[in-house]
Amino acid sequence: MISTVDDHGDDRFGGFTEVEVDQRGRLETEISHADVVRAATRIMKSGVLTLLEDWDQIDNPVPGRGGRPPVIPRGAILVGMLLLASEKNSLWIRNLNRVLYRRLTQESRDYLGLPTPVASFGIASGEETRWEKNVGNSFHRILRLMDPYPMKRYVNLAYGQIRDVLAAHDKHREQIARARLNEFTNALLHMTYREQPRHIRRVSNQLDISFDQTVIRSASLAKQYAPKRLEALIAAEVAAIASGDIDEIQRLSKTSTVDPFAGFHAKSEDNRSDLTPGSRDSTSPVKRGGKDTEYIWGWEVNIAVRVDSEAPGARRFPQLAVAATLSMPNVGVSEEAVELMRIAAQIGLTPGLADADKQYWANALPSRLHLPARALGWTPSTDYRIDRLGPQGKDGELGTKDGVIFIEGLRLCPGTPKALQMASVDHEKKQNGVDDEVYKVRIENRRAFQVRAKERPDAKGRQPVSCPARSNSPTVSCPIFELLMAREGKALPAVAEKERIRVDEADAPDMNFLPKICRQHSVTLQQEDDIRTSQGFQYKSEEWHEFHEHARNSIEGLNGNSKDDGQESIDSPSRRRVRGFAAAGFFMAFLLTVYNLRAVATFLKEEAIAALKDQPSDPGEKKQRRRDRVSINRYTGTLPSDPVILLYHQGKLASPLRT
C-alpha cells in the first residue's frame, strides 16, 4: 500500500506532497534548456532588446542615477513571456515568476543572467514573494518605456480625477510611446517572417495584404465610464458631497474606472466613426428606440495578414500577421491602416494589393488613406458602398474628367451604354431585370469601353489615355470617331477584322458638345481624379471575387483563431490582468508572435506530410471538412454543400445511437 505520510512521518498535507503544495496544485514541468535557448535566440533576432536599451538611454540619459540595479534582466522577462505565450499559459506576473523561479534549469538561469533561488520550500520562505516583486518591477520598467498613457492604475478614480488625468495628458509623449510600441510589436512579427525557410519567403516578390480591426477587452473590464456624461457625473459627485449623503457618496465611488484611456467599440458598423488622430472620442452606450447596440470597453487591434493575389486558391505560404498596431476605438482608423501598410512593406517585398472591407477604402477620405497608401506603393482592393456604385459626380464629388467617366474603379468612354454604367446599381437593387447572370455579362462588356492607357503613369500619377475606338487595335467601334475622321478627310486605321461592340448613337455624346476624349488624340488623367474608387481588379469580376473572398477569409480567420480560447485568446482579459494600453499592446505582441510561429510550424508540418505521401499541398485537392459539408458555418456565413437534413432523408447518415 502507498503511504500518504512523508519520509519524516509528517502528515501536515494529508494526501498532498510537499512539492504539490509548494506549486499550489499546479503541474509545473521543467522547461528544457534547448527551449530556453531557442526562445532567447528569437528574441535576439528580433532586435527588441537593442530597442529597449536605446529607449532607456533616451529617457534616462544621466548616468549614475543611483538605486539598486535590476535583479531580473529585461532579456529574461522577454524570454519568459515568449515561453508562457507558447504554452498557451495566462500571461500573469505570477506565472512569469514561476517560469523564472521554478521551471528553469540551473544552466538556463546562468544563460539568462538570473540569480539562483535559495529557498527550497516557498511556504516556509519569502524568497518566492521577493522574486515575484523583482519580476514585476522589471516587467513594469519595460512597459514604462512604451506607455503612451502613464498613470497609476491601482484604485478607482473619481470622475473629477478622470477629468484631471485627461487634461494633463501629454500628447507628444503619447506619439513617441505609441511609435515605440508599434516598433516593438512589429520587430517580433517580422522575426517570425524571417524564421520561415527561404523557399517559402521567396515564393513571390510581391506582398499582398488584407487588414482589419478587431476589438480586445480592457483588463479593467467592469470599470468604465461614459465619456459623454463625464461632466454630468462630476456634477453628481459635487452634489453628493454638498448634500453629505454618505450612501450616495459611497454609491458613486463604485461606478468609476481605473483606466480612462480606453474606449467603446460598437459591434454595429453604423455606430462606429473615424475621428482624426488626437481627437477625444465620446462614444458611449446609448439606447435608441429600445434597440441598443452592444458596446465593448477596450482597444482596437489593427492587423495586416499576408495573402496571395497571384494564386488565391493555392496555399503557397502561411498566412502570417506582417503588421499590427493597437489603437483607441473610433480614432485614426485610416491612419492606423496606413501605418500597417508602412510597416508591412518593411519586410522587403514589393507592395501589391491591400484588401479591406467597407470600413476603409469605401468610407475614408482620400487625403487620409488613399493618397498615403498610393505613395507607399499599395493598390486598393475592396467592396463599395451602394452610394459609390454607378456614375458619380454627386454632392460635389468628381465623377468625370474631359469626358472620361469614373465608375467603380474603371475609366470609361462617354459612349458607354447607360445599362452598363448602371449595372451594379441595378443588380444591388434587383431592378431592371439585372440578375446574377445578366450582371456578369454586363460588367464583362464594360471592359471594351475602358479608355486606353498610352503609357504608364509618371512619378506624380499622371497618365495619358485615349478613346477606345482609336489606334490599330480598338476595342469598340464608334460612329463619332468615324464621323470626325471623315470630316478631316482621313481614312480609318486599318484594323483586324473581328467582332466589336459598337457605340450606339443614342449613347454617344452630342456632336456639338464633344468632350476632349472624343476630340483629342489623348487626355491626361491624374491619380487624384478617381483614386477613391480605383482598385486592382475590375469590380465584381471573377478575379475580384476570388481574391477578395480569399483576402477577407484570411483576415477573419486570423482574428478568429487568435481569439480562440484554446489558442492565443488575445481578447481574454482574464489571461492578461495587467491594466493599461501599454500592457495590452505588449501582450498582444507576444500572442501574435506565437500565432505566427504556430502558423509557420503547422504549414511546414503539412508540407512535410504531403511530401511523404507524394501529394501536392494544394488545399484545393484536400477533402472538405465534414462540418463544412453538412452544417452551416456560422463564422463564414456559408451554407452546407450536403445538408444534414437531406442526407438523413436519403438514408446516408449513420445512426447516432450507440450500439
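Scope of the values below: all heavy atoms of this structure, side chains included, with no hydrogens, waters or symmetry mates.
Under the 4.5 Å side-chain criterion, counting only non-hydrogen atoms from C-beta, Leu52 is in contact with Leu145. Residues Gln213 and Ser327 form a side-chain contact, since some pair of their non-hydrogen atoms from C-beta on lies under 4.5 Å apart. Within the 4.5 Å cutoff, the side chain of Leu353 has heavy atoms near those of the Ser309 side chain. Trp544 places a side-chain heavy atom less than 4.5 Å from the side chain of Asp383. Contact check for Leu49 versus Ile43: side-chain heavy atoms found under the 4.5 Å cut-off. For the pair Cys518/Pro509, a side-chain contact is recorded, criterion being any heavy-atom separation below 4.5 Å from C-beta on. In this structure, the side chains of Glu607 and Leu604 come closer than 4.5 Å at one or more pairs of heavy atoms. The shortest side-chain heavy-atom distance between Leu189 and Ile347 does not fall under the 4.5 Å cut-off.
The CD1 atom of Ile303 sits 12.0 Å away from the CG atom of Leu320 when rounded to the nearest 0.5 Å. Atoms NZ and CD1, from Lys429 and Ile386 in turn, are 5.5 Å apart once rounded to the nearest 0.5 Å. In this structure, the separation between CZ on Arg217 and CH2 on Trp299 is 12.5 Å, given to the nearest 0.5 Å.
Between Met588 and Val301 the shortest heavy-atom distance is SD-CG1, 3.3 Å. Between Tyr539 and Gln535, the closest heavy-atom pair is CD1-NE2, 3.8 Å.
Of the N and O atoms on the side chains of Asp355 and His550, not one donor lies less than 3.5 Å from an acceptor on the other residue. Side-chain polar atoms of Tyr439 and Ser424 form a donor-acceptor pair below 3.5 angstrom. Of the N and O atoms on the side chains of Gln206 and Ser204, not one donor lies less than 3.5 Å from an acceptor on the other residue. In this structure, a donor-acceptor pair under 3.5 Å is absent between the side chains of Gln527 and Asp529. Using modelled atom types and a 3.5 Å distance limit, the side chains of Asn561 and Gln567 yield no donor-acceptor pair.
In this structure, Glu339 pairs ionically with Arg342, as a charged nitrogen and a carboxylate oxygen lie closer than 4.0 Å. Between Asp402 and Arg519 there is no salt bridge, since no side-chain nitrogen of the basic residue lies less than 4.0 Å from a carboxylate oxygen of the acidic one. Salt-bridge formation is not detected for the pair Lys563/Glu568: no Lys NZ or Arg NE/NH1/NH2 atom is positioned less than 4.0 Å from an Asp or Glu carboxylate oxygen. At a threshold of 4.0 Å, the pair Lys540-Glu408 does not count as salt-bridged, since none of the basic side-chain nitrogens sits closer than that to a carboxylate oxygen. A salt bridge between Arg552 and Asp357 is present, with a side-chain N of the basic residue lying under 4.0 Å from a carboxylate O of the acidic one. Comment: Asp458 does not engage Lys460 in a salt bridge, judged by the lack of any side-chain N to carboxylate O separation of less than 4.0 angstrom. Electrostatic pairing of Glu195 and Lys45 counts as a salt bridge here, judged by a charged N lying under 4.0 Å from a carboxylate O. Under 4.0 Å is where a charged nitrogen must lie from a carboxylate oxygen, and between Arg411 and Asp530 at least one such pair does. Salt-bridge check for Glu336 with Arg178: passed, with a basic side-chain N closer than 4.0 Å to an acidic carboxylate O. Remark: Asp59 does not engage Arg144 in a salt bridge, criterion side-chain N to carboxylate O under 4.0 Å.
Not a single donor-acceptor pair under 3.5 Å links the side chain of Ser210 to the backbone N or O of Val305. Between the side chain of Arg388 and the backbone N or O of Ala362 there is at least one donor-acceptor pair closer than 3.5 Å. Between the side chain of Arg316 and the backbone N or O of Asp308, no donor-acceptor pair lies under 3.5 Å. Under a 3.5 Å cut-off, the side chain of Asp281 and the backbone N or O of Met328 do not form any donor-acceptor pair. Judged purely by atom type and a 3.5 angstrom limit, Ser279 has no side-chain atom pairing as donor or acceptor with the backbone of Leu275. No donor-acceptor pair under 3.5 Å is formed between the side chain of Asn182 and the backbone N or O of Ala324. Under the 3.5 Å distance criterion, the side-chain polar atoms of Ser46 are left unmatched by any main-chain donor or acceptor of Leu188. The closest donor-acceptor contact from the side chain of Glu335 to the backbone of Thr276 lies at 3.5 Å or more, if one exists at all. Formation of a donor-acceptor pair under 3.5 Å by the Gln463 side chain with backbone atoms of Glu455 is found in this model. Without hydrogens or angle criteria, His370 side chain to Trp361 main chain gives a donor-acceptor distance under 3.5 Å.
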Requested in this report: In sequence, state the C-alpha distance, the side-chain angles, and the governing distance for Arg452 and Ser473, and then conclude on side chain to side chain donor-acceptor pair (under 3.5 Å).
Outcome: CA-CA 10 Å; Arg452 303 173 61 84; Ser473 55; 3.2 Å; yes
Requested in this report: Just do the ring-ring contact (aromatic ring centres under 6.0 Å, His included) check on His169 and Phe261 with the steps written out, would you?
Outcome: CA-CA 10 Å; His169 174 57; Phe261 293 106; 5.2 Å; yes
Requested in this report: Please lay out, stage by stage, how Thr350 and Asn205 fare under the test side chain to side chain donor-acceptor pair (under 3.5 Å).
Outcome: CA-CA 6 Å; Thr350 303; Asn205 292 326; over 6 Å; no
Requested in this report: Assess whether side chain to side chain donor-acceptor pair (under 3.5 Å) is satisfied between Ser218 and Arg579, documenting all intermediate values.
Outcome: CA-CA 7 Å; Ser218 167; Arg579 296 163 175 164; over 6 Å; no
Requested in this report: Could you please spell out the steps behind the side chain to side chain donor-acceptor pair (under 3.5 Å) verdict for Asn330 and Thr283?
Outcome: CA-CA 8 Å; Asn330 310 309; Thr283 300; 3.2 Å; yes
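For Tyr149 and Phe581, the ring centers are positioned less than 6.0 Å apart.
Considering Asn596, Thr593, Ile343 as possible partners of His190, the one that fulfils the side chain to side chain contact (heavy atoms under 4.5 Å, CB included) test is Ile343.
By the 6.0 Å and 45° rule, Arg201 does not stack over the aromatic ring of Phe317.
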